[in-house]
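Beneath this line is the structure, given in structure tokens, with notes to follow.
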There are 2 protein chains.
Amino acid sequence: MRSSAKRAPRPSPSASWDNPLDQLLGYQLRRASFAMLSDLSAGIGKLDLRITEMSVLMVIHANPDISQSDIGRVLGIQRANMVPLITQLERRTLVSRGETRGRAQSLRLTPEGEALVRRCREAIAEHEARYTKLFSPKERQDLLRCLPRIWQDDMLPEESDL
Amino acid sequence: MRSSAKRAPRPSPSASWDNPLDQLLGYQLRRASFAMLSDLSAGIGKLDLRITEMSVLMVIHANPDISQSDIGRVLGIQRANMVPLITQLERRTLVSRGETRGRAQSLRLTPEGEALVRRCREAIAEHEARYTKLFSPKERQDLLRCLPRIWQDDMLPEESDL
DNA sequence: TATTGTTATACTCTATAACTATA
DNA sequence: TATAGTTATAGAGTATAACAATA
């Protein structure tokens, strides 16, 4: 089930092909993102969690009584896709639904959920450490400073929207 | 069909939640990668191409007579997943199969494929320009210098493999 | 009327296993 | 035996449309 951590058969040392995408920022982001996702997925998978599930737990932990829709807004997940996520986490008694404000339900972690979040944090720390050591402190800081510009403040569209 | 370019309803300015993932390199990469993928997808979609299809065309263009498996190795796509990709591109007469060396078939772009690659390049250039302007020349260069470390030379696994 | 939770559905990308063909 | 192409299938993530309930 779990996609085991990248274990490429050591890219064939013989022929070397030209990759015309190498100088594209988007391509580099995609490959880098995929590599880190795979690595984290392996670590988190030992807790029988997927990355999105883990992310949801972390957000609820940091924001008790947040609603399902708001979690989606924080993480960039659509309302409709939050439903099976929360259902599953509730089924595992990691999350519980509390009072309802309007139609919204406030979500909290169960003690079991809190415990799992702590284990997630350890796994994440190990994971991040593996990659952080690839960079100087300044390089890492620059990455964390630059990357949010790409997706936050959502890129004023060129075309005016009348 | 096409996932229209990110046009978020302007993240609700009212409540602001804590996102505990914000300081994680992996999270920033995922969000940034997704944003650029969506934007490029919109541009490339006008040519009725998906990003993976476009990537394959670009690699064949840069490496005439490359085989299907080798394209996969360059782009990080598995052999099995290359099959429907090439089949579809051949059906649209963008790619043609040439001589076979062993079991491998050498792939080339048709004139139609070459023409489409030129249009792809324009779309990509516009797309990259939209994001390049978010960074100073040095910042962009640093990004392109740092990111490959994450996925190339594939991260010596911690556990020795006997 | 706007927002939330919900259902259903579909598409893309990725992963695995197993088969065939060829050097 | 190793590699290439192939088939089939499954699992995640994401997207859209539509509906009910609630303020």
Side-chain angles (χ1 to χ4, degrees), chain A residues 1-9 11-12 14-15 30-31 33-35 37-38 40-42 44-45 48-56 65-73 75-88 90 95 97-107, chain B residues 1-9 12 14-15 30-31 33-35 37-38 40-42 44-45 48-56 65-73 75-90 95 97-107:
Chain A
M1 182 190 191
R2 300 301 165 192
S3 60
S4 59
K6 316 234 56 182
R7 186 70 65 96
S12 60
S14 50
R30 186 153 145 69
R31 295 299 298 255
S33 169
F34 183 75
L37 277 175
S38 299
L40 179 57
S41 185
I44 285 292
D48 196 24
L49 280 176
R50 285 166 312 195
I51 292 193
T52 39
E53 293 171 328
M54 174 275 287
S55 304
V56 167
D65 291 325
I66 192 173
S67 76
Q68 193 167 295
S69 290
D70 282 332
I71 297 171
R73 268 187 283 273
L75 292 177
I77 301 174
Q78 304 206 23
R79 216 159 77 250
N81 297 326
M82 288 300 303
V83 175
L85 262 168
I86 298 295
T87 302
Q88 170 67 4
E90 196 185 15
V95 165
R97 308 186 193 236
E99 305 168 356
T100 87
R101 299 179 312 286
R103 186 110 208 263
Q105 302 160 336
S106 60
L107 300 174
Chain B
M1 179 188 193
R2 299 302 166 191
S3 60
S4 58
K6 317 233 56 184
R7 185 71 66 97
S12 60
S14 50
R30 186 153 144 70
R31 295 299 298 255
S33 169
F34 183 75
L37 277 175
S38 299
L40 180 57
S41 186
I44 285 291
D48 197 24
L49 280 176
R50 285 168 311 195
I51 292 193
T52 38
E53 293 172 329
M54 175 277 287
S55 304
V56 167
D65 290 325
I66 193 173
S67 78
Q68 190 167 300
S69 290
D70 282 332
I71 297 171
R73 269 188 281 274
L75 292 176
I77 301 173
Q78 305 207 21
R79 219 160 75 251
N81 296 327
M82 288 299 303
V83 176
L85 262 169
I86 299 295
T87 302
Q88 170 67 4
L89 293 175
E90 197 187 15
V95 164
R97 307 185 194 238
E99 305 166 358
T100 88
R101 299 180 311 287
R103 186 110 209 264
Q105 302 160 335
S106 61
L107 300 173

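Just so it is clear: chains get the letters A, B, ... in the order the sequence lines come, proteins before strands, and each one is counted from 1. Computation of the quantities below employed the complete heavy-atom set of this structure, encompassing side-chain atoms and omitting hydrogens, waters and symmetry-equivalent molecules.
The CG-P distance, from Asp70(A) to dT4(C), rounds to 6 Å in whole Å. The CG atom of Leu49(A) sits 14 Å away from the C1' atom of dA12(D) (whole-angstrom rounding). Going from atom CD1 of Ile66(B) over to atom P of dT3(D) covers 17 Å, rounded to whole Å. Between Arg101(A) atom CZ and dT4(C) atom C1' the separation is 11 Å, expressed in whole Å. Between Gln105(B) atom CD and dT20(C) atom C1' there is a gap of 13 Å when expressed in whole angstrom units. Counting to the nearest Å, the C1' atom of dT7(C) and the CG atom of Leu85(A) are 15 Å from each other. In this structure, the CD atom of Gln78(A) is 17 Å from the P atom of dT7(C), given to the nearest Å. Remark: P of dC13(C) and CD1 of Ile71(B) are 15 Å apart, rounded to the nearest angstrom.
Here dT14(D) is the nucleotide among dT6(C), dA4(D), dT14(D) with the atom lying nearest to any side-chain atom of Asn81(A). Checked against dA8(C), dA12(D), dG5(D), the side chain of Arg50(A) finds its nearest nucleotide in dA12(D). Taking only side-chain atoms of Gln68(A), from C-beta outward, the nucleotide of dT12(C), dT6(C), dT16(C) with the closest atom is dT6(C).
Formation of a donor-acceptor pair under 3.5 Å by the Ser106(A) side chain with backbone atoms of Glu99(A) is found in this model. For the pair Arg31(A) (side chain) and Leu75(B) (backbone), a donor-acceptor distance under 3.5 Å is present.
For dT22(C), neither phosphate oxygen OP1 nor OP2 lies less than 4.0 angstrom from any side-chain nitrogen or oxygen of Thr100(B). The phosphate of dG5(D) has OP1 or OP2 within less than 4.0 Å of a side-chain N or O from Ser69(B). The side chain of Arg30(A) contributes an N or O atom lying less than 4.0 Å from OP1 or OP2 of dT14(C). Regarding contacts with the backbone of dA18(C), every side-chain N or O of Arg79(B) stays at 4.0 angstrom or more from both OP1 and OP2. At dC13(C), one or more side-chain N or O atoms of Thr52(B) fall inside 4.0 Å of OP1 or OP2 (strictly under the cut-off).
For the pair Arg97(A) and Ile86(A), the minimum side-chain heavy-atom distance is below 4.5 Å. In this structure the side chain of Met82(B) reaches within 4.5 angstrom of the side chain of Val56(B), judged on heavy atoms. Two residues are said to be in side-chain contact when any heavy atoms from C-beta on lie closer than 4.5 Å; Glu53(B) and Leu85(B) meet this criterion.
Backbone-only engagement by Ser67(A) is indicated by non-hydrogen atom pairs under 4.0 Å involving sugar-phosphate atoms exclusively.
Within 3.5 Å, a donor on the side chain of Arg103(A) pairs with an acceptor on the base of dT4(C), or the reverse.
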